[in-house]
Amino acid sequence: MTTRIFRSIIIVTAATLFLSLLITFGVIYSAYADETARELRTETELVAGGMKNSGETYLEALPKEDTRLTLIAPDGTVVYDSHYGAEKMENHLEREEVKQAMADGYGESQRMSDTLTERYIYAARRLDDGSVLRVSVKQFSILNMILRLIQPILLMVCVVMLLALYLAGRLSKKVAGPITHEIDELQTLAERQRQEFSANVSHELRTPLQSISGYAELIKDGIVASNDIPSFGERIYDEAQRMIHLIEDIISLSHLDENAEPMKWETIDLCEMAKNVIEHLKVPAETKNVSLAFHDECGDECAYVYVIPQLIREIITNIVENAIKYNKNGGHVDVSVKPFYNGRGVVVTHFLLSVADNGIGIPDKEKERIFERFYRVDKSRSKAVGGTGLGLSIVKHAALIHHAKIKVEDNVGGGTVMTVKIPVGQE
Ligand code: ADP
């Protein structure tokens with residue numbers, strides 16, 4: 001973490017430095033080019049003024065190191081050139097700056113030298129006798145300029161980078177310190193939870209396996225009377241069923257934990273799904289002599305929600321199953337779906353799925369804890385009804401993925417009401 005923050009600060013500083021140097025050079029170079037052109041124009045005017053009085057001899061007397069002077073006759077013939085032999089030079093009538101000067105009195109142009117290694121800037125002035133005086137200077141390339149400034153630039157880069165290294169070191173430690181500490185704590189917590197979960201799973205699996213093994217051993221050793229064998233078979237079957245449920249719940253939870261399967265989001269009608277789940281739970285409800293009913297409170301509208309259907313199904317199934325399991329003989333379970341409107345009561349933002357039972361109820365102090373893994377209010381009762389202690393953890397996890405909220409309340413006259421507030425969601 002510290003290294004990553006440190007590296008990022010250094011990269012950002014280096015990139016910013018490089019960019020600002022590039023912009024600075026661009027600006028300086030363009031200002032420098034403008035200044036050169038302005039000076040060249042003044043120089044051309046001055047030389048033209050001098051020639052008025054002294055003629056060509058004035059040109060010959062001028063210093064020639066940096067500036068090249070050329071005199072061109074009205075027909076384009078080069079009469080004088082400070083750097084090359086005039087007689088060997090070709091006709092200059094077609095040179096851009098000369099053409100401009102012939103036409104307008106003054107002309108300017110820039111071009112690369114014949115070898116394309118240097119750039120020249122030219123200024124030409126028509127004289128009174130129709131000939132043209134041309135003055136040219138070599139223009140620095142941007143590379144030239146950088147090479148000239150390389151020493152101060154390197155010094156500046158070194159100072160800035162050293163400063164950045166120092167500040168990045170301090171800053172990354174300051175920022176990363178508390179984050180790393182929190183990550184460490186979270187990792188320790190996650191590790192502790194993982195260990196607890198593994199211990200619980202082992203314990204929960206060992207118990208039914210030991211029972212199965214014990215019953216099977218009694219049968220194998222011929223200790224069980226033949227008319228008791230069916231009841232022993234039933235116990236083995238029940239324990240095996242408990243193990244299957246437990247393993248199914250563990251698989252569901254680990255899928256939710258690891259997000260192993262990228263689950264598909266779809267638009268579904270919550271009423272249709274609730275009705276379907278109830279249909280599937282009719283038999284266990286009848287077995288427990290509990291009546292199961294659905295109340296559609298959406299009017300003519302459908303309860304469309306954009307969700308992961310398999311998770312919403314798990315939510316409804318687990319809550320309704322509990323309402324049946326923790327009910328009493330002759331009890332009832334009422335499932336309803338109704339819209340929840342926004343502040344102004346116009347737009348439906350959520351749907352409320354409520355499952356009300358008149359069963360044994362949940363004491364207030366347990367209402368929060370029942371969502372913990374393997375937590376049961378009454379362990380023996382949960383086992384007796386085939387509970388695994390994982391159903392509501394799956395519900396909590398699945399609700400979290402949908403940003404849904406769960407409320408647990410006492411039902412009037414006894415029992416429990418669980419309400420899940422599911423956002424309508426968006427495709
Ligand atoms: P289990 O598999 O034991 O039912 P759950 O995670 O589904 O595990 O529920 C945790 C505990 O919450 C249950 O053991 C039970 O004690 C309590 N519980 C859940 N739903 C109800 C309910 N409708 N009425 C009474 N108790 C409930």
Side-chain angles (χ1 to χ4, degrees), residues 191-258 260-261 277 279-290 292 310 313-331 333 357 359-360 362 366 369-398:
E191 178 57 21
R192 206 170 52 227
Q193 281 178 345
R194 202 188 58 75
Q195 280 170 359
E196 271 174 26
F197 184 67
S198 307
N200 273 325
V201 168
S202 319
H203 174 76
E204 295 290 331
L205 283 174
R206 199 182 306 120
T207 319
L209 257 181
Q210 272 167 345
S211 305
I212 291 172
S213 165
Y215 295 140
E217 193 180 11
L218 291 176
I219 296 172
K220 178 186 76 126
D221 294 344
I223 297 169
V224 182
S226 58
N227 55 336
D228 285 336
I229 289 180
S231 89
F232 270 72
E234 196 182 328
R235 285 183 217 170
I236 292 176
Y237 175 79
D238 286 347
E239 293 295 345
Q241 283 300 311
R242 241 162 59 78
M243 280 182 69
I244 291 171
H245 284 151
L246 185 64
I247 289 166
E248 278 171 355
D249 280 355
I250 293 169
I251 292 172
S252 293
L253 257 184
S254 63
H255 275 171
L256 286 173
D257 274 349
E258 293 158 22
E261 278 172 58
V277 170
E279 207 51 50
H280 278 87
L281 295 176
K282 274 258 153 74
V283 177
E286 273 164 20
T287 316
K288 281 218 65 178
N289 194 24
V290 169
L292 192 54
Q310 75 194 78
R313 197 180 181 87
E314 289 243 33
I315 293 179
I316 308 174
T317 308
N318 275 308
I319 297 179
V320 178
E321 263 179 356
N322 280 349
I324 298 169
K325 281 192 310 197
Y326 301 104
N327 218 315
K328 53 192 181 199
N329 194 12
V333 175
D357 65 64
I360 60 168
I362 304 169
E366 310 280 1
R369 299 209 62 190
I370 52 172
F371 293 95
E372 289 172 20
R373 291 174 184 193
F374 292 113
Y375 190 82
R376 291 110 155 182
V377 176
D378 180 346
K379 202 159 182 161
S380 52
R381 183 169 189 138
S382 162
K383 279 195 174 165
V385 292
T388 62
L390 290 177
L392 288 182
S393 333
I394 296 173
V395 169
K396 183 181 161 188
H397 222 322

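Keep in mind it's a predicted model, so treat the numbers as computed, not measured.
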Quick one, [X] and [Y] - any side-chain contact, counting heavy atoms below 4.5 Å?
X	Y	result
I236	I219	yes
Y326	D378	no
L390	F197	yes
K383	T207	yes
K328	I360	no

Exercise. Return each pair, listed once, that meets salt bridge (Lys or Arg N to Asp or Glu O under 4.0 Å) where at least one residue sits in residues 196-210; pairs must be two or more places apart or across chains.
Key: E204-R376, E204-K379
Quiz prompt | Short N-O contact, E372 and R369, less than 4.0 angstrom | solution = yes
Quiz item: Under a 4.0 Å N-O cut-off, is there an ion pair linking E239 with R242?
Solution: yes
Grab the two heavy atoms, one from [X] and one from [Y], that are nearest each other, plus how far apart they are.
X	Y	answer
I324	V290	O-CG2, 4.2 Å
F374	T388	CD2-O, 3.5 Å
N327	G331	OD1-CA, 3.6 Å

Practice problem: Give the C-alpha distance, both sets of side-chain angles, the deciding distance and a yes or no for side-chain contact (heavy atoms from CB on, under 4.5 Å) between I251 and H255. | Solution: CA-CA 6 Å; I251 292 172; H255 275 171; 3.9 Å; yes
Quiz item: Are D228 and S226 close enough, and set up right, to give a side chain to side chain donor-acceptor pair (under 3.5 Å), and what steps lead you there?
Solution: CA-CA 5 Å; D228 285 336; S226 58; over 6 Å; no
Which value, rounded to the nearest 0.5 Å, describes the distance between [X] atom [atom1] and [Y] atom [atom2]?
X	Y	atom1	atom2	answer
I247	S252	CD1	OG	12.0 Å
D238	R235	CG	CZ	9.5 Å
N329	N289	CG	CG	4.5 Å
I212	E217	CD1	CD	14.0 Å
K282	T287	NZ	OG1	13.0 Å
T317	R313	OG1	CZ	5.5 Å

[X] side chain vs [Y] backbone, donor-acceptor pair below 3.5 Å:
X	Y	answer
N318	E314	yes
S202	S198	yes
K288	K325	yes
D357	G359	yes
S213	L209	no

Quiz prompt | ring pair (Phe, Tyr, Trp, His ring centres under 6.0 Å): pairs with one or both residues in residues 226-250, sequence neighbours excluded | solution = Y215-F232
Exercise. Dump the intermediate steps for side-chain contact (heavy atoms from CB on, under 4.5 Å) on L246 and V201, then the final yes or no.
Key: CA-CA 9 Å; L246 185 64; V201 168; 5.7 Å; no
Self-check item: Criterion side-chain contact (heavy atoms from CB on, under 4.5 Å) on R373 and N200, from CA distance to verdict
Solution: CA-CA 9 Å; R373 291 174 184 193; N200 273 325; 5.9 Å; no
